[in-house]
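Written below as structure tokens is the structure these notes are about.
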Amino acid sequence: MKLMVIGGGGREHAIIKKLRENPDVERIYALPGNGGIAADAECVPIGATDIDAIVQFALEHAIDYAVVAPDDPLVLGAVDRLEQAGIPAFGPHKAAAVIEGSKVFSKNLMKKYGIPTAQYEVFDTAADALRYLETAPLPTVIKADGLALGKGVMIAHTRDDAYGAVRAIMEDKQFGSSGDRIVIEEFLTGPEVSVLSFTDGTTVVPMVSSMDHKRALDGDRGLNTGGMGTVAPNPFYTPSVAQRCMDEIFLPTIRAMNAEGRPFKGCLYFGLMLTPDGPKVIEYNCRFGDPETQVVLPLLQTDLLTICRAVTDGTLADVDVRFRPDAAACVILASEGYPLKYEKGFEIAVPDDCEPQVYFAGVEQRDGRLVTSGGRVLGVTAVESDLKSAVASAYAMADRIRFQNKFCRRDIGARALSAQEK
Ligand code: AMP
Ligand code: GLY
């Protein structure tokens, strides 16, 4: 079989490495992939949002199955377009991807169907939002409606910060038309849990839970990033919490999307906060998380391609999806200065024995050598029988991988480990 994976980061590398385990897979094309993914797939310089070119490539190369990984092509309707051209694809249709593409849509969905989430108001003018903020409780959370590269959420602790956030999003258009409308919501507290799930629109199969570390610096300080590391499973996600999430959040969401005439097929990501009042939805994503995928897929025992195809065919109930009862930790190695200004173009040296556990993101090839080309350069994942050993092994590998200006957080997994000890 010939496969095509859309996207070019660490998440896509993890998906590709897992798909390759299926002996029927002869070839995988990555569009666009990256210089590190090139060791595991044929990289094609077609951008992830160039849907016309993606469909044309798929037809010319007789692709049997496509996996669309990033949010933007899904929201633009890449799966619909591929299917119209006769190419089965993993991921939600455009009508369902709106669950991530519009925060106003997802908040209204949760309200209509009684799915627990933060209280909120929607605004389509800055004047109305600013007036509301004069008396709103603080801290408050301001979210651009549309996609904003994961940066469209601002937590304001003072009224001036809140006014500034509204002006940046709605008047200065920091995120373009994604900020035409905003959601202002209640500030929630509690541990965060990411739960990725496979769903074919009827059956929902949660994957092993995980915990992201979004801030740039140790102790959850510094700016928000695309994610500096992950662990799985998440010790805060106990079996009783999991049951509650299934009953109050996962199944109601699947049913709500069906009732809206927007059945969701693909990977539905539940970003949850375990508040003192129970689990609540912070966000939905219409895709695999990055870097959650880099800890979740290495624990997956069942063949990924079999699961994906069952999701597309609507036969997920027939697949026995299993995860190893082990723990995984992923440490992201970034360029010093990320997420602001950083230098790039430095050669990367990865010891051969680490290579299978490395997921490349911001890298490119120059004269046959791998060099840094982005903020998040790569992730390295260790799987061990317990979380403490997984964290230790991931750091041991991270320390042996070399490039100039290498930077990582030193406390990935620390909060999870202290929760386990309680
Ligand atoms: P998002 O881009 O929606 O994942 O939000 C980024 C981060 O902002 C989340 O991971 C949370 O840590 C935080 N956040 C979002 N919404 C809220 C909220 N209502 N209360 C507290 N923190 C929030
Ligand atoms: N790790 C968060 C995300 O993928 O959106």
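Just follow the structure's listing: the first ligand is 1, and inside any ligand the first atom is 1. Any value given below was found using the heavy atoms of this structure, including those in side chains, with hydrogens, waters and symmetry copies removed.
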| said: Any non-hydrogen side-chain atom of Lys94 less than 4.5 Å from a side-chain atom of Leu76? | reply: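 Sidechains of Leu76 and Lys94: no contact.
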
| Side-chain contact, heavy-atom cut-off 4.5 Å: Arg215 with Arg409? |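 Result yes, sub-4.5 Å side-chain heavy-atom pair found.
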
| request: Decide whether an N or O pair under 3.5 Å exists between Arg287 and ligand 2. | output: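 Such a contact does occur with ligand 2.
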
| request: May I ask you to check if ligand 2 and Asp290 share an N or O to N or O distance below 3.5 Å? | output: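 Such a contact does occur with ligand 2.
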
Starting from [atom], which protein heavy atom do you reach first, and at what distance in Å?
atom                    : answer
atom 3 (O) of ligand 1  : Glu283 OE1, 3.3 Å
atom 13 (C) of ligand 1 : Ile155 CD1, 3.8 Å
atom 12 (O) of ligand 1 : Glu192 OE2, 2.4 Å
atom 2 (C) of ligand 2  : Tyr269 OH, 3.4 Å

| message | Ile282 versus ligand 1: do any nitrogen or oxygen atoms come within less than 3.5 Å of each other? | response |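 So ligand 1 has no N or O lying under 3.5 Å from an N or O of Ile282.
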
| message | Under the criterion ring pair (Phe, Tyr, Trp, His ring centres under 6.0 Å), I'd like the reasoning laid out for Phe250 against Phe270: C-alpha separation, chi angles, the key distance, then a yes or no. | response | CA-CA 8 Å; Phe250 305 161; Phe270 299 90; 4.4 Å; yes

Which ligand 2 atoms does [X] reach within 4.0 Å, using its non-hydrogen atoms?
X      : value
Asn285 : 3 (C), 5 (O)
Gly289 : 4 (O)
Asp212 : 1 (N), 2 (C)

| task | Could you tell me whether Glu186 approaches ligand 1 through its side chain, its backbone, both or neither, with non-hydrogen atoms closer than 4.0 Å? | result |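 Answer for Glu186: backbone.
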
| request: Could you check which of Lys143, Met154, Lys103, Lys214 puts a non-hydrogen atom nearest to atom 7 (C) of ligand 1? | output: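 Ranked by closest heavy atom to atom 7 (C) of ligand 1, first place is Lys214.
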
| task | Apply side-chain hydrogen bond (donor to acceptor under 3.5 Å, both in side chains) to the pair Asp180 and Ser177, showing each step before the final yes or no. | result | CA-CA 5 Å; Asp180 288 350; Ser177 61; 4.8 Å; no

| request: Please identify which atoms of ligand 1 are closer than 4.0 Å to at least one heavy atom of Glu185. | output: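 Matching atoms, with element in brackets: 16 (N), 17 (C), 18 (C), 19 (N).
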
| Does ligand 2 have a heavy atom under 4.0 Å from the side chain of Arg11, from its backbone, from both, or from neither? |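 It is neither; nothing of Arg11 touches ligand 2.
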
